[in-house]
Colleague: 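Before anything else, here's the structure in question.
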There are 2 protein chains.
Amino acid sequence: MAQARYTAIKEHIIRQIDGRHWLAGDRVPSENELAVEFAVSRMTARRALQELSEQGLLVRTQGLGSFVADSRPMSSLLEINSIDREIAARGHSHRAEVLCLEECHADHPTALMLGLADGAAVYHSIVLHWENNTPLQREERFVNPLFGPDYLKQDFTRVTPSVYLSGISPLTEADQTIEAVNVSTEVAAALQIAQDEPCLQLKRRTWCQRGIVNLASLVYPGSRYRFGGHLNF
Amino acid sequence: MAQARYTAIKEHIIRQIDGRHWLAGDRVPSENELAVEFAVSRMTARRALQELSEQGLLVRTQGLGSFVADSRPMSSLLEINSIDREIAARGHSHRAEVLCLEECHADHPTALMLGLADGAAVYHSIVLHWENNTPLQREERFVNPLFGPDYLKQDFTRVTPSVYLSGISPLTEADQTIEAVNVSTEVAAALQIAQDEPCLQLKRRTWCQRGIVNLASLVYPGSRYRFGGHLNF
DNA sequence: CAGTGGTCTAGACCACTGG
DNA sequence: CAGTGGTCTAGACCACTGG
């Protein structure tokens, strides 16, 4: 087939939006109006509107109509999402197990990354995140006490460290790296994997306005997780 | 309405996948089979399969059927850069070694990802990329001959496959995943690493306007490479 | 060839919104 | 109330796939 009719309708609508003929918030023709205009059935006109809605170009409300969306959302390069929401989005249950929650002294590499003096007091946590009955992520954090003074008093089985930290001071920056690593016997045991299973390790530093908030190391079994995304050019 | 019928069908399929009754690569019932089983019209059964396909749980191919997709979860996103430019940016020298360049027949998973029929003719290349005197990346590609008819005639020691492909047809989309994996003895030997060294594997599919151009698998030794990025909020 | 998904029609009933 | 989008039907023709 040369071109599907719903595609022709989509392209027509996109042209109107790109050409600024239809602006954000404007009502676009209804399913019935498009069906008449393009001499197609309502189902075909509907498909065009539906797909544009899924692509984020239109917003549709029953009883009201279809409207040009505010602006085309750019796919952010790296997003930070919280593990509990991510698991919930898959319809699975999340459970957090606190393996460690203490004050300790930063060793040299940790202090360097946090911008603190060697041996400075930092808060340290290790939390294991379960998806249903399988460990999915081991989360280890070193937190600058300046930016999370009550960190040690939190119940991280109820609110994840990530959610807690982003709640007390808005994050302004982050950098992260992703590596493939082997893990220690302790970590392998916690994650319930074989010692030689390759793991993904995401290391992330987050900033608030006044400085580096924390250093996180997130370890996922290679067989249970992958990072991914979709790009549009 | 209590629940839409297409939602009930979707939930049924999701249960089968979650319950490991249907595994990655398995064929799921066709539109017609679901229509009979759930006593709905084909359009309604179709909608269930279609939405699951858009959500990434199924992969559909005309004439073949609908199949369970690789189910491991995904998160976040990285950008695409070319290995030779990246090495050059570090002030190092890049060299490419062509290990394989041939026409072959796509096996089932490869065909699925490319949207081709099982056994369809595809172009296949394996190129090893060196940074100074150390192998950094093993690049394996399956290319749809439709979008790169002269692929086998190229000299990939001069122009990388990535640069060649993006030159002949502008890319419009890509999706990619990053995993931690073990590699075969052959791949370990090519990369000059120990058999048990964990590696990063980036799998990328790229689209041009008319369809899926190619499937790339990039493998990096875990000790020599990591992905990273900086975010501003 | 029979089976698959891709597109499309011309109807239908419904829940919801504004006037 | 008339108009909107949400769901659904029972057909149709098509391109494509495997055997």
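Residue numbers begin at 1 in each chain, while the letters A, B, ... track the order of the sequences.
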Colleague: Check every atom of D:dG5, D:dT9, C:dG6 against the side chain of B:Met43 and return the nucleotide holding the closest atom.
Modeller: D:dT9

Colleague: Give a yes/no answer on whether the side chain of A:Ser66 brings an N or O atom under 4.0 Å of OP1 or OP2 in D:dG5.
Modeller: yes

Colleague: Any idea which of C:dA12, D:dT4, C:dC8 is nearest the A:Tyr6 side chain?
Modeller: C:dC8

Colleague: So what's D:dC16 paired with, Watson-Crick or G-U wobble, going by both distances under 3.5 Å?
Modeller: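 Paired with D:dC16, as far as the under-3.5 Å criterion goes, is C:dG3.
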
Colleague: When the nearest nucleotide of DNA chain D is assigned to B:Gly63 and to A:Gly65 on a heavy-atom basis, which residue is associated with the more 5' position?
Modeller: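 This one resolves to A:Gly65.
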
Colleague: When all nucleic acid strands are considered with a 4.0 Å heavy-atom cut-off, which category describes A:Arg47: base, sugar-phosphate, or nothing?
Modeller: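 Sugar-phosphate only.
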
Colleague: Please tell me whether A:Phe227 and A:Tyr220 form a close aromatic pair, meaning their ring centres lie under 6.0 Å apart.
Modeller: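 That pair passes the under 6.0 Å test.
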
Colleague: Between D:dG18 atom C1' and B:His108 atom NE2, what is the distance in whole Å?
Modeller: 13 Å

Colleague: Using a 4.5 Å cut-off on heavy atoms from C-beta on, say whether the side chain of B:Ile178 contacts that of B:Leu200.
Modeller: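 When only atoms from C-beta onward are counted, B:Ile178 and B:Leu200 do touch, with a gap below 4.5 Å.
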
Colleague: Would you mind telling me which residue lines up with the more 5' stretch of DNA chain C, B:Leu64 or A:Thr7, judged by nearest nucleotide?
Modeller: B:Leu64

Colleague: Could you give the CZ-to-P distance, from B:Arg42 to C:dC8, as a whole number of Å?
Modeller: 13 Å

Colleague: Salt bridge (Lys or Arg N to Asp or Glu O under 4.0 Å) for B:Lys153 and B:Asp150? Distances and angles first, verdict last.
Modeller: CA-CA 5 Å; B:Lys153 298 176 196 155; B:Asp150 297 324; 3.1 Å; yes

Colleague: To the side chain of B:Gln62, which of D:dG18, D:dG5, D:dC16 is closest?
Modeller: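 Given the options D:dG18, D:dG5, D:dC16, the side chain of B:Gln62 is closest to D:dC16.
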
Colleague: Within this structure, what is the CD-to-C1' distance between A:Gln50 and D:dC8, rounded to whole angstrom?
Modeller: 14 Å

Colleague: Which nucleotide in the set C:dC8, D:dT9, C:dT7 lies at the smallest distance from any side-chain heavy atom of B:Thr44?
Modeller: D:dT9

Colleague: Quick check for you: among D:dG5, D:dT7, C:dT9, whose closest atom lies nearest to any side-chain atom of B:Ala4?
Modeller: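 Output: D:dT7.
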
Colleague: D:dT9 P sits how many Å from B:Asn32 CG, rounded?
Modeller: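 After rounding, the gap between these two atoms is 13 Å.
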
Colleague: To the nearest angstrom, how far is B:Arg27 atom CZ from D:dT17 atom C1'?
Modeller: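 Going from CZ in B:Arg27 over to C1' in D:dT17 covers 12 Å.
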
Colleague: For C:dT4, does OP1 or OP2 lie under 4.0 Å from any side-chain N or O of B:Ser30?
Modeller: yes

Colleague: Measure from the side chain of B:Glu33, starting at C-beta and using heavy atoms only, and say which of D:dG5, C:dT4, C:dC8 lies closest.
Modeller: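 Output: C:dT4.
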
Colleague: Tell me whether B:Thr160 contacts the main-chain N or O of B:Val163 through its side chain, where contact means a donor paired with an acceptor under 3.5 Å.
Modeller: yes

Colleague: Nearest to the side chain of B:Ala117, heavy atoms from C-beta on, is which of C:dG6, D:dT17, D:dC8?
Modeller: D:dT17

Colleague: Would you kindly give the CD-to-P distance between B:Glu31 and D:dG11, to the nearest whole Å?
Modeller: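 Checked: the CD to P distance equals 17 Å.
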
Colleague: Measuring from the side chain of B:Ser41 (C-beta onward, heavy atoms only), which nucleotide among D:dC13, D:dA10, D:dG5 has the closest atom?
Modeller: D:dA10

Colleague: Please tell me if A:Arg46 has a side-chain N or O lying less than 4.0 Å from either OP1 or OP2 of C:dC8.
Modeller: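 Looking at the OP1 and OP2 atoms of C:dC8, neither is under 4.0 Å from any side-chain N or O of A:Arg46.
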
Colleague: To the nearest Å, give me how far apart CG (B:Leu116) and C1' (D:dA15) are.
Modeller: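 In whole Å, D:dA15 C1' lies 15 Å from B:Leu116 CG.
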
Colleague: What orientation do B:Tyr151 and B:Tyr123 show, parallel under 30°, tilted 30 to 60°, or perpendicular over 60°?
Modeller: parallel

Colleague: Using whole Å, report how far CZ of B:Arg60 lies from P of D:dT17.
Modeller: 15 Å

Colleague: Using a 6.0 Å distance limit plus a 45 degree cone around the ring axis, check whether B:Arg27 lies over the aromatic ring of B:Phe67.
Modeller: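 No cation-pi geometry.
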
